[in-house]
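Heavy-atom basis, side chains included; hydrogens, waters and symmetry copies ignored.
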Amino acid sequence: MKKIFSIVFSLLMVVQASAADIKMMSYNIKGHGMTDARVADIVTVINNANPDVVAVQEVDNRTVLLQRHNYLKDIADGTSMHYSFHALVGTYYGIGLLSKEEPIAVTTHTFTRGTNSSDKENRGIIIAEFPKYIFISTHYSLNADDRDTATAWIIDYARKQTKAVFVAGDFNAQPTYRAMVTFKNNGFKIINDTDIYTYPADDPTSCIDMVICYNRYVDAMKFTCIESGIAEVASLTLSDVSDHLPVYVVIRPEDSSVESVSADNISITRNGDHLEISGLVTDANAMVFSATGSLVKTANSQSINIEGLPHGVYFVSLSNDTINKTIKVII
């Protein structure tokens, strides 16, 4: 086996499939006292950052001088994004979600404040499902017990999903607070740089606007955060736009589709639970090795059944009378 494993690495030819990065953002827009000028500035901030999806807090659509406003729609129109709104005070104040891609499905949930809560508002979430992940927009309570209630619900929800779950919003809690520690103790990870403070915008002293992720389902696409920061705009003073700074992360999917891996004239593509090999004149003996050198699959054809293999790096060794080649694939 050691000899075979050494042959695998000596013949290795690496061609990895690429996947598009995804930019996620959270922005508490301080909706109270909204003006058309601030809407325009918020649109500028979002357009400049060019995110794929945005969690929006403090959306205030209340009527002013008998004129009905829908500021979230105005922002969506200005950014050419789809939008969802979840009212938590009356029918006019709550949270929003913006996305370039129309979600597969959108649901909402409200967390009623506790009997003895010091918070005057109910809190809630918007859940948007996309092909590769689930994105939740939220604005957490000022009350620790209320935050615990929402945290327990989200943890239970995330454990039942078959896709990565991202939660973004104003958590009204720093990374060391109880709710965030509970998340971390239950498999969530804060993926933005918490050393970059977000509040108050004019002189930030804490990070309470965050993006967190749960991705424990074995067959879910995996992601890596490759960038995190504040969505700066050279022409604007962000503290004039809101009392929170807009935080963003860029995540990179770890491709699990094996869309196209090739070496010379031999190529491997994924078709459901099979790896299809093209470019062979005749069938080849195929051996699939794990990254640690264990033989996990064999075949004597131009198709390899990979049903049951977990995501990871593998090496496909092909041999017949005319070829002796090894190709790295990511499943």
inquiry  = Restricting to salt bridge (charged side-chain N to carboxylate O under 4.0 Å, His left out), what partner residues turn up for Asp60, sequence neighbours left out?
reply    =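 Per chain and number, Asp60 pairs via salt bridge (charged side-chain N to carboxylate O under 4.0 Å, His left out) with Arg62.
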Measure from the side-chain N and O atoms of [X] to the backbone N and O of [Y], and report whether any donor-acceptor pair falls under 3.5 Å.
X      : Y      : result
Ser228 : Asp193 : yes
Asn215 : Met221 : yes
Thr108 : His86  : no
Asn48  : Val233 : no
Ser242 : Asn28  : yes
Asn61  : Tyr71  : yes
Arg38  : Val241 : yes
Thr110 : Thr112 : no
Asn47  : Gly78  : yes
Asn122 : Arg113 : yes

Got a sec: does the [atom1] of [X] have more than 12 other heavy atoms crowding it under 6.0 Å?
X      : atom1 : answer
Lys297 : NZ    : yes
Lys184 : NZ    : yes
Asn116 : CG    : no

Report whether [X] and [Y] are members of the same hydrophobic cluster (ILVMFWY, side-chain heavy atoms less than 4.5 Å apart, transitive linking).
X      : Y      : answer
Tyr199 : Met210 : no
Ile29  : Ile230 : yes
Trp153 : Leu88  : no
Ile42  : Leu245 : yes
Ile208 : Leu142 : no

task = Let me see the working for Thr151 and Thr182 under side chain to side chain donor-acceptor pair (under 3.5 Å), right down to the final yes or no.
result = CA-CA 8 Å; Thr151 299; Thr182 300; over 6 Å; no
Less than 4.0 Å between a side-chain N and a carboxylate O, is that true for [Y] and [X]?
X      : Y      : value
Asp119 : Arg147 : no
Arg123 : Asp146 : no
Lys163 : Glu129 : yes
Lys23  : Asp52  : no

Can you tell me how far apart [atom1] ([X]) and [atom2] ([Y]) are? Round to the nearest 0.5 Å.
X      : Y      : atom1 : atom2 : result
His274 : Ile268 : NE2   : CD1   : 14.0 Å
Leu97  : Ser137 : CG    : OG    : 5.5 Å
Cys207 : Ile196 : SG    : CD1   : 8.5 Å
Met25  : Tyr27  : CE    : OH    : 6.5 Å
Phe111 : Glu121 : CZ    : CD    : 14.5 Å
Asn143 : Lys120 : CG    : NZ    : 13.5 Å

task = Give the intermediate values and the outcome of side-chain contact (heavy atoms from CB on, under 4.5 Å) for residues Val167 and Ile154.
result = CA-CA 9 Å; Val167 187; Ile154 293 172; 3.9 Å; yes
remark   = Sorted by chain and number, sequence neighbours left out, ring pair (Phe, Tyr, Trp, His ring centres under 6.0 Å) with Phe188 holds for Phe183, Tyr214
key: Considering all heavy atoms, the nearest Phe85-Ile95 contact   = CD1-O, 3.3 Å
ask   = Taking all atoms of both residues into account, what is the closest heavy-atom pair of Ala231 and Leu238, and its distance?
value =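 So the two residues come closest at O-CD1, 3.7 Å.
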message = ring-ring contact (aromatic ring centres under 6.0 Å, His included) for Phe135 and Phe166? Distances and angles first, verdict last.
response = CA-CA 5 Å; Phe135 185 83; Phe166 295 89; 7.5 Å; no
query = With ring centroids as reference points, do Phe289 and Phe315 lie under 6.0 angstrom apart?
reply =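 Centroid distance Phe289-Phe315: not below 6.0 Å, so no.
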